[in-house]
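To start, the structure itself, in structure tokens.
First listed ligand is number 1; within each ligand, the first listed atom is number 1.
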Amino acid sequence: MAAKNQTPAERAETLRKHIEEANYRYYVLDDPTLSDAEYDAQMNELRQVETEHPELVTPDSPTQRVSGQPADEFAKVRHPQPILSLANAFSAEGVLAWFERIRPLIPSDTPVAFVVEPKIDGLTVVLTYKNGRLEQGATRGDGIIGEDVTTNVRTIRGVPIVLRHEGASTSSRSLSHFSALPQLMAVRGEAYMPIRDFERMNEALLAAGERTFANPRNAAAGSLRQLDAKLTAQRPLRVLCYAIVQWVNGDAPSGSQSPATQWELLHFLRTCGFPVSDIARRFETLDEAIQYCQSYSELRDTLSLEIDGMVIKIDDLKLADNLGFVGRDPRGAIAFKFPAREANTLLKAVTYSVGRTGVIIPNAVLEPVRLGGITISHATLHNFDDVARKDIRIGDRVIIRRAGDVIPYVAGPVVSARTGNEQPISIPETCPYCETRLVRQEGEVALYCPNVECPGRLDRAMEHFVGRGAMDIDGLGSRIVAQLIDAGLVDDVADLYSLTSEELLGLDGFAEKKALNLMDAIANSRHQSLERLIIGLGIQHVGEVAARALASAYGSLDALLEATLQELDEIEGVGPVIAESILQWTQRASTRDLVKKLKAAGVDPRQDRHRTPAAAPGPLTGKIFVITGMLSQPRDEVAAWIEQHGGKVTDSVSRKTSYVIVGDAPGANKVSKANQLSVPMIGEDELRRLV
Ligand code: IVH
């Protein structure tokens, strides 16, 4: 460093250049050359120089990203031209139909190429540069009038304060015709928060006792619209830019030209110093463009940010422009939307159900809403801890999320939509079915009804018993199960085997044929394998794999009842969580009664006993996991699933931990420990991919 022989003014200038270059390499090129420590050291030195020589502070200095006093409200600004939206397509056919509609408007000899970009799930910002300097940052607002969030936008480190392009020589010949910047240029981009940063931020908010955000988009919007820019500066916001909405040349004799194609535009923005998506591609045919979009319907989970689709744009900007728009949607582009994972609706009420194992589950009753092709009117609220943590209230607008095939759940409230009339969700003290006092097991957040004969459990237990993967009794759906219970014909699953056709004929909707068929189906289920019977008995955490292992290790229910913890623990496919749960089950008097009753009813399948040969190693064999935060299923279920695939689950992060599985609102300690020890943190989707 030439610090010694530089004047303070020169030194400040050098540092600024280095820092801007580092920002550019980090945020735009994604190719950092300075370590965090080096970067911080340079920033500190610059601050030092500027403190000693306040006259050297320039408005563009990287130290001045955060400036100004908190505002009372945002000023309104009129956009240079309407900030348009996009029409949506939800399938390849939808995209083809879009192009069929516009094809007649395009001269027949014109070749049409396309640029495909990710559709970033953030919020639009419009950045205006005057003579290459950031003049204004605005939100989209209603598309005509937005809010002036300049001081906030300046704090986003990826947003260039001074553009690089001016005077810079470019080696790319194709770009030479717009080597000069216009006097006035407004660039449109999307502000967003990377998923990992979002999770870390939520964790910090949680640790500080503050409310977390339901998703990265809300977090980005909430952060950008802080009246105090110092707060925005602390939030891990980023931008990706994709359009130029204003290009005004001054009186200069040879005005510069704006890029002629979207592909050039993206390159131009990048050379100016704007972050641009690195997965944008250009295609000569629409089919290829569609295929590229479709590939990201899978790949979206591998990206560091949330995208809700891809955007296909006609590359030739003049052509696109000439096509005009329909309402607010330009004809020259279309969003290829991925199936939604989220919707937002009213939480009307909360009901409570009892799971098979007695756990009390709060359920959301929702204003019906379409999500990913189905209408959702109920969603799980997981458990009461989660409700409290997310501060979900009755009357809230809530975000419903559905990932893959799992049951929809309430991700969180839309706090900004509160009216003040929302009511807290109460925690019941007694079971809604049998009025037994509820208990909380040590170290668990879940609330249980300890009554093993609770009727609330019975219908679930019975539905499970008769289900496809278990005893597979045809014609016995949840409606008939409820009928049998309501009519007092069954108190447990063994009672199914003593039903008579007269009893069935007494039920609504039963004619002779239906009754006889059901009787047959029930009788036949006596021959189901021991494995299926074990599954059907619904021992907590015992799924197919563990049931198979138990059946071959013990050969009969009687033998299983005598199992010891140590024996169980040694069986491949049964980890400590499952073993403990089996033991709890075998030790219950009601279990013993039920097994006796089943045997008396002729349900006593046997199987040759042999220790499972050291089972082929599972995909997770040798891997140790720690779980933190809310997952899409109760944590025990996920732990049991990991065990079933050969993995182990422990409580605390150590050097031995292979992965930390991070859910919603993870624990601060576990995450920071994982960071410290460089233990990879993965989400639930990645976990499933390991298998
Ligand atoms: S182009 C005329 N490109 O999606 C230009 N929009 O649903 C119209 N968005 O309001 C927008 N990523 O906020 C465009 N690569 C991208 C985008 C993108 C995200 C947002 C944008 C727009 C919304 C439309």
Which atom pairs, donor and acceptor, lie under 3.5 Å between side-chain atoms of residues 190-199 and protein residues at least two apart or in another chain?
from: Glu190; atom 1: OE1; to: Thr124; atom 2: OG1; distance (Å): 3.3
from: Glu190; atom 1: OE1; to: Tyr242; atom 2: OH; distance (Å): 2.8

Pair up each side-chain donor or acceptor in residues 213-220 with any protein partner under 3.5 Å, not counting sequence neighbours, and list the distances.
from: Asn215; atom 1: OD1; to: Arg217; atom 2: N; distance (Å): 3.3
from: Asn215; atom 1: OD1; to: Asn218; atom 2: N; distance (Å): 2.7
from: Asn215; atom 1: ND2; to: Glu342; atom 2: OE1; distance (Å): 2.7
from: Asn215; atom 1: ND2; to: Glu342; atom 2: OE2; distance (Å): 3.2
from: Arg217; atom 1: NE; to: Asp121; atom 2: OD1; distance (Å): 2.8

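Here Tyr129 pairs with Phe274 under the ring-ring contact (aromatic ring centres under 6.0 Å, His included) rule; sequence neighbours left out.
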Pairs under 3.5 Å, N/O atoms on ligand 1 and on the protein: can you put them in a table with the distances?
from: ligand 1; atom 1: 3 (N); to: Lys313; atom 2: NZ; distance (Å): 2.9
from: ligand 1; atom 1: 4 (O); to: Lys119; atom 2: NZ; distance (Å): 3.0
from: ligand 1; atom 1: 7 (O); to: Lys119; atom 2: NZ; distance (Å): 2.9
from: ligand 1; atom 1: 10 (O); to: Arg188; atom 2: NH2; distance (Å): 2.9
from: ligand 1; atom 1: 12 (N); to: Ile120; atom 2: N; distance (Å): 3.0
from: ligand 1; atom 1: 13 (O); to: Thr124; atom 2: OG1; distance (Å): 2.6
from: ligand 1; atom 1: 13 (O); to: Glu190; atom 2: OE1; distance (Å): 2.9
from: ligand 1; atom 1: 13 (O); to: Glu190; atom 2: OE2; distance (Å): 3.0
from: ligand 1; atom 1: 15 (N); to: Glu117; atom 2: OE1; distance (Å): 2.9
from: ligand 1; atom 1: 15 (N); to: Pro118; atom 2: O; distance (Å): 3.0

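Proximity of Asp396 to Arg418: side-chain heavy atoms (C-beta onward) are separated by under 4.5 Å at one or more points. When side chains are defined from C-beta on, Glu422 does not count as touching Ile394, because their heavy atoms never get closer than 4.5 Å.
Counted within 6.0 Å of CZ on Arg225, heavy atoms from surrounding residues, nucleotides or ligands total 12 or fewer; the atom is thus considered open.
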